[in-house]
Amino acid sequence: MRAQLRSELLKQRSTRTNLGLFAGLLGLVTLAVLLHGVGLPTSDLAGTDNQLMVFGRGEYLGALFAALVGAMSITAEIRHGTIRPTFLVTPHRGRVVAAKVGASILMGAGFGLAASTLAVGVGAAVLPAQGIDVQLDGGDYALLIAGGTAASALWAAIGVGIGAVVRDQVPTLLGISAWLLFVEGLFGENLVDVSRLAPGTLGVAISGQEPDTHLAPALSLLLLALYATAAAAAGWVATTRRDVV
Amino acid sequence: MRSLTKRFGEVVAVQDLTFSLEASTVTGFLGPNGAGKTTTLRLLLGLAAPTAGAALVFGRRYCELEDPAGRVGAVLESNDFHPGRSGRDHLRALALAAEIPQARVEEVLALVELGPAANRRVKTYSLGMRQRLGLAAALLGDPELLVLDEPANGLDPAGVHWLRTFLRRFADRDGTVLVSSHVLAEVAQTVDQVVIIDRGRLVATARLDELAGRGETLEDTYLELTAGGPDESPAPL
């Protein structure tokens, strides 16, 4: 299992795909925080909730990109055919899936940590420049960064599971992006009670955003971990039972 | 293979296929396009599950082998690489998973004469270089059995000569090779025996020297046996 994990970590860092995603993530986080900080009315940004939302763009985008990294760890292997030599070397496919989950969690945590820290840093620079007092304290910052890291790590595991079940790369990546960027937003407007339990919203809650609307961070972490476990288990079942063509 | 059968819905890809390999020989696995060669190899290597029967390697299912890379090396497609990964990193990732020392990566790169190109991304490789990289991956564990699916596809004459010499040396050192192909002229120069299938069924097995002794050519025999209908029984040569 340790051997497979080392192999998966090498695969993740031996192409330019993840490096490109990481650069794209940092650019988007910077842009999103800047646009919110500069574009929203000053009066809207005075409250703690909206400041948490702006600073929480790191978690939001970090989780999305981590999920894409996790999904591609298996869909890229299927797309390029490298899944065949992978399974020839490790015929116990469950070990391969577990190693992909482990490697993606590490990679996702790195993405989440970087994105959350960057969002906090940019936000802490932009808001005062607009004449806005930042209302957040050390606990808020710690939760934004730690929560963003944890949520991204768990979303990477969810990505592996979805990728293993769907297998086709383009539908997998489009589906994950559509879910996190659009579908859960529709829930939030119309089904508030349901939306609290949606996995993307749980990630937001873990980082302490909208505490009056969302579940508590610790409970959200537990529930998102259950989602990640279920997704990884579904991926394990799909991978071990299906033929490789 | 023991009564091996594989169905995809209504389509029977392999039907009641039984044959075995002799150690230290090169066996040609022949059949027309769509005969079921690739499916049979995937069943043998545990990539697909048989509908009935069994495909065993060294008496076990592939997934039950304790050191699969050390027992079997296989190349099923000429392009099973991430185009953005270097040849060396492709091999390193496989070696890590199989717990093979990284020094062996350099050995197999030298063996297939890819050392100078090993740090280039695979998308810059020619088809012949990709074939050799696939072979290098198969050789990482210094296996006893090589399973190759159409390994000469896309190789230039020098590459075909190199492959033929390599397979011959591998068998001479007590290695066993199962190589699928539909290029009969190439097979006739490389293999010791042939297994011929058509429409998923075994139609013949024979040693090439036996055919030659009877004054028959591989091509004549192959064309005669694979031109029949789907319900023909296996025929002795």
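Letters go in sequence order (proteins before strands), and every chain restarts at 1. Keep in mind that what you see is a predicted model, and the values were worked out from it rather than measured.
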Candidate polar pairs, chain A side and chain B side, donor-acceptor under 3.5 Å:
{"from": "Gln4(A)", "atom 1": "NE2", "to": "Ala97(B)", "atom 2": "O", "distance (Å)": "3.1"}
{"from": "Ser7(A)", "atom 1": "OG", "to": "Ala93(B)", "atom 2": "O", "distance (Å)": "2.6"}
{"from": "Lys11(A)", "atom 1": "O", "to": "Arg85(B)", "atom 2": "NH2", "distance (Å)": "2.9"}
{"from": "Ser14(A)", "atom 1": "OG", "to": "Arg85(B)", "atom 2": "NE", "distance (Å)": "2.7"}
{"from": "Arg84(A)", "atom 1": "NE", "to": "Asp80(B)", "atom 2": "OD1", "distance (Å)": "3.4"}
{"from": "Arg84(A)", "atom 1": "NE", "to": "Asp80(B)", "atom 2": "OD2", "distance (Å)": "2.9"}
{"from": "Arg84(A)", "atom 1": "NH2", "to": "Asp80(B)", "atom 2": "OD1", "distance (Å)": "2.8"}
{"from": "Leu88(A)", "atom 1": "O", "to": "Tyr62(B)", "atom 2": "OH", "distance (Å)": "2.6"}
{"from": "His92(A)", "atom 1": "NE2", "to": "Cys63(B)", "atom 2": "O", "distance (Å)": "3.4"}
{"from": "Arg93(A)", "atom 1": "NH2", "to": "Gly46(B)", "atom 2": "O", "distance (Å)": "2.9"}
{"from": "Arg93(A)", "atom 1": "NH2", "to": "Leu47(B)", "atom 2": "O", "distance (Å)": "3.1"}
{"from": "Asp243(A)", "atom 1": "OD1", "to": "Ala49(B)", "atom 2": "N", "distance (Å)": "2.9"}
{"from": "Asp243(A)", "atom 1": "OD2", "to": "Lys6(B)", "atom 2": "NZ", "distance (Å)": "2.6"}
{"from": "Val244(A)", "atom 1": "N", "to": "Leu47(B)", "atom 2": "O", "distance (Å)": "2.7"}

Seminar exercise, completed: Correct closest heavy-atom pair for Val89(A) and Ala97(B) would be CG1-CB, 3.8 Å
For this session: Can you see which heavy atom on Cys63(B) is nearest to which on Pro91(A), and at what distance?
Result: CA-CB, 3.7 Å
Exercise. Non-hydrogen atoms of chain A under 4.5 Å away: do they reach the side chain of Ala98(B), the backbone, both or neither?
Worked result: both
Exercise. How far does CG of Leu88(A) sit from CG of Leu76(B), to the nearest 0.5 angstrom?
Worked result: 6.0 Å
Exercise. Using a cut-off of under 4.5 Å for heavy-atom pairs, which of Ala69(B), Ala74(B), Pro83(B) has the most such pairs with chain A?
Worked result: Pro83(B)
Exercise. Under a 4.5 Å heavy-atom cutoff, which of Ile100(B), Leu65(B), Leu96(B), Leu45(B) has the most pairs with chain A?
Worked result: Leu96(B)
Problem set entry | Side chain, backbone, both or neither of Val245(A) within contact of chain B (heavy atoms, under 4.5 Å) | both
